[in-house]
Amino acid sequence: MKLVRLVYYSQASRSMNLSDLRNILETARSNNSELKVCGMLCFENEFFLQALEGERETVNELYLDIADDPRHEGATILSYDEVEQPTFEIWKMGYAAGSESFYELLRKNGQTEFDPEEMTKAQALSFLKDMAGCQTDV
Ligand code: FAD
């Protein structure tokens with residue numbers, strides 16, 4: 001079995017409230033635990049940044065479904081790598097938004113404003129890994 005990690009970003013197609021985000025996370029958490037996919041989702045400044053880790057075909061298919069979701073647009077893959085061990089294993093789908101620690105870790109990773117379009121692959125991954133340790137409750 002080949003494990004992969006896919007990282008993409010996208011932009012909300014309309015303004016998102018807490019209940020929209022709850023809906024997305026509820027679906028993600030229940031589907032992903034069945035699919036044995038884990039990851040991390042960040043939302044701030046109308047941008048989503050998400051890592052998905054799991055079996056290669058499962059992640060590929062899930063990404064196509066997610067990219068098709070009308071709640072966001074312009075889904076762009078930042079990186080796609082084979083991995084030995086999942087990084088986000090403990091969280092079925094972690095979530096983080098614009099808290100103080102969010103911006104602290106963003107600065108540590110070279111940005112002052114959350115703009116995944118301007119992130120390198122390494123910055124995005126490092127930020128997602130850091131954020132997995134400082135999640136937001138929804
Ligand atoms: P349903 O939830 O019944 O959805 C059927 C269709 O309707 C899908 O095409 C969906 O895109 C669309 N849809 C659902 N709810 C709404 C709504 N409120 N407004 C407009 N259209 C809607 N799903 C996961 O399984 N795992 C993830 O990690 C994951 N991450 C996501 C990240 C983002 C940024 C977004 C926007 C969505 C994410 N989703 C995730 C949801 C995913 O796009 C699909 O909704 C989900 O996989 C389909 O679930 P379902 O088969 O139960 O169908």
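Every number for a ligand or one of its atoms is a count from 1 in the order of the listing. Computed over heavy atoms, backbone and side chain alike; hydrogens, waters and symmetry mates excluded. As the structure is a computational prediction, the values presented were derived from the model and not from experiment.
- The side chain to side chain donor-acceptor pair (under 3.5 Å) contacts involving residues 95-110 comprise E44-Y103, S99-S101, K108-D130, N109-S126, N109-D130, where partners must be two or more places apart or lie in separate chains.
- The 12-atom threshold is exceeded at CD of E46, counting heavy atoms of other residues, nucleotides or ligands nearer than 6.0 Å.
- With sequence neighbours left out, the salt bridge (charged side-chain N to carboxylate O under 4.0 Å, His left out) criterion links R29 to no other residue.
- A heavy-atom cutoff of 4.0 Å around ligand 1 is satisfied by the protein residues Y8, R14, I24, T27, A28, N31, N32, F48, Q50, L52, L62, D65, I66, D69, P70, R71, H72, M93.
- With sequence neighbours excluded, the residues forming a ring-ring contact (aromatic ring centres under 6.0 Å, His included) with Y8 are Y63, listed by chain and number.
- Proximity of a side-chain donor or acceptor of Q123 to a complementary backbone N or O of T120 within less than 3.5 Å is detected.
- Ion pairing between K2 and E82 fails under the 4.0 Å rule for side-chain N and carboxylate O.
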